2 protein chains.
Amino acid sequence: MFTIGKASEQSGVNIETIRYYEREGVVPKPGRSAGGRRLYSPDEIATLRFVRRCRDLGFPISIIQTFLSLTKQSDRSCGEVKTLAESHLDEINAKIENLELLRKALLSLSANCDDGTAACPMLDALMKDGFGELRSEQSRP
Amino acid sequence: MFTIGKASEQSGVNIETIRYYEREGVVPKPGRSAGGRRLYSPDEIATLRFVRRCRDLGFPISIIQTFLSLTKQSDRSCGEVKTLAESHLDEINAKIENLELLRKALLSLSANCDDGTAACPMLDALMKDGFGELRSEQSRP
DNA sequence: TCTACTTCCTGTAGCAGCTACAGGAGCAAG
DNA sequence: CTTGCTCCTGTAGCTGCTACAGGAAGTAGA
């Protein structure tokens, strides 16, 4: 059994984040020592690592909770996982597309900044009325 | 002069968001009518539109505040704007790169889900120890 | 003028996913 | 026994909004 510090090291999850996950019911409450300290089994640490990896893949907590409950059922879980993963992939693709658009817009705006005039053409363009609107939902993460 | 509803329509900024910007000092406090309602000049609406466009480009509020103060100075602002825009571009590029990595990781993980076994290879892989770590800072927006 | 309806006001709380304290207690080493 | 580390709970903050509640102001029609 390991204290929260060791669990944090081994799972790569910040101590405060581990306690946060426990508060939010993402991971079950671990046992406690006589002095009231949290004690984690290797399995519980593996769960924390699993959560971190899913977070690294960009999955939101709510989906990760579904994953965790699916891992306990063992049967018929794969189709659901694949569906969730694919819709997440769609979101990632949409984000990439949006960022590419932003990239292009920013590049063309800042390119004008080299023209040596005192006023900034980029700020000017953003102030003016004729500027094309982006209004892309996914651009706000 | 326009009430907040018209200002919202013309700038594309949500009413609540306009009030939020005012509270946070992003935009100056507008004048008020006899009855205590906010009244916006076309210039103030242009500022709101400018803020929205910058947000659409993904600039954080703090940078937009710098932009707004630079537009008031008029001289020597362009170099600073370009620097800020370019570092923002770097961030966007980093985000795109990270998302591409996530995309590949997710694709290869969910591809295994077709093998017809009852247990899910994707969840299995995320549970196991040998899984390559991503640990990419920029992946969390 | 009365009434209904819309718009606006302030203030507060919530979202996600943490992170950062404050103020105290447990625990091991020297 | 003291130093120093880790841990505890509880609460507040971060970003950028959004969504109420409960009330006041303004507008339009009868």
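All values reported here derive from a predicted model rather than from experimental measurement. Throughout, protein chains are lettered first and strands after them, A, B, ... in sequence-line order, and every chain is numbered starting at 1.
Checking side-chain atoms of B/Glu86 against main-chain N and O of B/Thr83 turns up no donor-acceptor pair under 3.5 Å. B/Glu24 places no side-chain N or O within 3.5 Å of a backbone atom of B/Tyr21 that could act as its donor or acceptor partner. Proximity of a side-chain donor or acceptor of A/Ser110 to a complementary backbone N or O of B/Lys82 within less than 3.5 Å is not detected. For B/Ser11 (side chain) and B/Ile45 (main-chain N/O), no donor-acceptor pair under 3.5 Å exists by modelled atom type. Between the side chain of B/His88 and the main chain of B/Ile63, no donor-acceptor pair closer than 3.5 Å is present. At distances below 3.5 Å, at least one donor-acceptor pair connects side-chain atoms of A/Arg49 with backbone N or O atoms of A/Gln10.
Listed by chain and number, the residues in a side chain to side chain contact (heavy atoms under 4.5 Å, CB included) with B/Arg38 are B/Ile4, B/Arg19, B/Glu22, B/Pro30, B/Arg32, B/Tyr40 (sequence neighbours excluded).
Contact between the side-chain N/O atoms of A/Tyr21 and the OP1/OP2 oxygens of C/dC18 is found at a separation under 4.0 Å. Taking 4.0 angstrom as the limit, B/Thr3 places a side-chain polar atom (N or O) nearer than this to OP1 or OP2 of C/dC8.
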List, with names and distances, any nitrogen or oxygen atoms from the protein found under 3.5 Å away from nitrogen or oxygen atoms belonging to nucleotides 28-30 of chain C.
none

Tabulate atom names and distances for all N/O pairs under 3.5 angstrom spanning the protein and nucleotides 21-23 of chain C.
{"from": "C/dC21", "atom 1": "N4", "to": "A/Glu16", "atom 2": "OE2", "distance (Å)": "3.4"}

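B/Lys95 and B/Glu91 are not joined by a salt bridge, as no carboxylate oxygen comes within less than 4.0 angstrom of a charged side-chain nitrogen.
Nearest to the side-chain atoms of A/Arg55 among the listed nucleotides C/dC18, C/dC8, D/dC8 stands C/dC18. The listed nucleotides are C/dG26, D/dG16, C/dT10; the one nearest the side chain of B/Pro60 is D/dG16. Checking D/dC7, D/dT11, C/dT10 against the side-chain heavy atoms of B/Arg38 singles out C/dT10 as nearest. In the set C/dT19, C/dC9, C/dC18, C/dC9 carries the atom at the smallest distance from any side-chain atom of B/Arg32. Each of D/dT11, D/dC17, C/dT7 was ranked by its minimum atom distance to the side chain of A/Arg23; first place goes to D/dT11.
Atom pair A/Asn14:CG and D/dT6:P shows a separation of 14 Å (rounding to whole Å applied). Separating the CD1 atom of A/Ile18 from the C1' atom of D/dT9 is a distance of 16 Å, rounded to the nearest angstrom. Between A/Glu9 atom CD and D/dC7 atom C1' the separation is 14 Å, expressed in whole Å. Atom OH in B/Tyr40 sits about 14 Å away from atom C1' in C/dT7, given to the nearest Å. The nearest whole Å value for the distance from the CD1 atom in B/Ile4 to the P atom in D/dA25 is 17 Å. In this structure, the CD atom of A/Glu22 is 16 Å from the C1' atom of C/dG17, given to the nearest Å. The distance from atom CZ of B/Arg52 to atom P of D/dG16 is 17 Å, rounded to the nearest whole Å. Put simply, CG on B/Leu48 is 15 Å from C1' on D/dC17, counting in whole angstrom units.
Ranked by how close their nearest DNA chain D nucleotide is to the 5' end, B/Tyr20 and A/Ile15 are led by A/Ile15. Toward the 5′ end of DNA chain C lies the nearest nucleotide of A/Ile61, the other residue of the pair A/Gly36 and A/Ile61 mapping further downstream. Where A/Thr17 and A/Gly35 meet DNA chain C, the nucleotide closest to each residue was compared, and A/Thr17 sits on the side nearer the 5' end.
Of all non-hydrogen atoms in A/Glu100 and B/Glu100, the two that sit nearest each other are OE2-OE2, 4.4 Å.
Around atom CD of B/Glu97, no more than 12 heavy atoms belonging to other residues, nucleotides or ligands sit under 6.0 Å away.
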